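When a ligand or atom number is given, it counts from 1 through the structure's own listing order. Source: prediction; values computed, not measured.
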Amino acid sequence: MADRKVVIIGSGPAGLTAALYSARANLSPLLIEGLEAGGQLMLTTMVENWPGFRDGIMGPDLMTEMRAQAERFGTEVIQSTVASVDLQHRPFTISLADGRQITTESLIVATGASARWLDIDSDRRLSGHGVSTCATCDGYFFRGKPIAVVGGGDSAMEEAIYLTKFASKVIVIHRRESLRASKIMQDKAFANPKIEFVWDSEIVEVKDVSKGEVSGVVVRNLKTDALSEIALDGVFIAIGHTPNTSLFRGQLELDETGYIITRDGTRTTVPGVFAAGDVQDHVYRQAITAAGSGCMAAIDAERYLEHLPVADERTDRAASHA
Ligand code: NAP
């Protein structure tokens, strides 16, 4: 007999919505929070596109409310990370980093996606020393200083605009000559007098001549190959995300970029394992779509459990096949 009917890994909008729905279906879900509790919205400021809040809501406040709502209906939340999963045998086994093991009849994977880094060594080496992937976490440290944002998508524009509250100047470094960001974000960025653009360029090195703190970047123009140096105090990298699926490699089918493949709703290639949110969606990637798929995963898991033979029947069947 399994310890749990439903275990959810991940505590962003997908995981917490799956928890809310499965708790309200009397499945007493266990939610394993993971390292980045609350997910990407914890790193956001005002969320203006979550329906129901005409003036917007701060990302961390939204996640606090979602978690409290899931707990109110009986979700148990544990603050731990998952070290490994065994999806080959039933019930599934989840081994936590602290050594505990949990068995479950069904699993909802909502591990999300994490910020990408550049393909150079110096960005990671100087992470926390002037290089960041989170403007809302670290923007405050750059009051009155010039900084760069790398990327041309909505995240990069959002971060650049936000960072103008602190920085003396924000230089957006983008590898093409047009932005990927939505028109409204582009318009806002172009209209901001503190934002400058360096087009067709990539950072080849983050410099730290001032002993361990960012002092500038070396930039290559991809059309002319010319190198130039820009003096600045901080670099914010906003070039997209990588799905957190290393735990499931070899056990669930993933696409070529590592996203979990789901079919027929949120079903993965292992019956009883469902995936929701950014870990299986590289198209929409919105908090509201993640929450929607979390709801779907809970309903899919509930229906799967309804059709599972009860434990005694399964033991009897196994015995009769022995
Ligand atoms: P994204 O749309 O995939 O954009 C990533 C950007 O980084 C692109 O401009 C890309 O350049 C660039 N890039 C990727 N790899 C790079 C590398 N190795 N070196 C340099 N540049 C690199 O990612 P995102 O901006 O994080 O947005 C993800 C999703 O969330 C999107 O659907 C977006 O609309 C949504 N989002 C919405 C909001 C909002 O509505 N407020 C805010 C944030 C995000 P190329 O353009 O050349 O590919």
Whether F190 and F197 hold their rings parallel, tilted or perpendicular, with breakpoints at 30° and 60°: tilted
Side-chain donor/acceptor of T266 to backbone N/O of F274, under 3.5 Å: no
Within 45° cone of Y140 ring axis and under 6.0 Å: R143 NZ or CZ: yes
N or O pair under 3.5 Å between G152 and ligand 1: yes
Any Q286 heavy atom less than 4.0 Å from ligand 1: yes
Residue pair V235, D123: steps toward the side-chain contact (heavy atoms from CB on, under 4.5 Å) verdict: CA-CA 8 Å; V235 179; D123 62 340; over 6 Å; no
Distance from atom 41 (N) of ligand 1 to nearest protein heavy atom, with residue and atom: E158 OE2, 3.1 Å
Identity and distance of the protein heavy atom lying nearest atom 38 (C) of ligand 1: D154 CB, 3.7 Å
Crowding at CG, N192 (>12 non-hydrogen neighbours, <6.0 Å): yes
Heavy atoms of other groups near D119 CG, more than 12 under 6.0 Å: no
Donor-acceptor under 3.5 Å (S293 side chain, A276 main chain): no
The one among G240, A115, S182, S178 that brings a heavy atom closest to atom 23 (O) of ligand 1: G240
Atom 3 (O) of ligand 1: nearest protein contact (heavy atom, Å): R285 NH2, 3.6 Å
Ligand 1 contact on E48 by region, counting heavy-atom pairs under 4.0 Å: neither
Atom indices of ligand 1, in the order listed, that fall short of 4.0 Å to a heavy atom of R176: 45 (P), 46 (O), 47 (O)
Nitrogen or oxygen of R175 less than 3.5 angstrom from that of ligand 1: yes
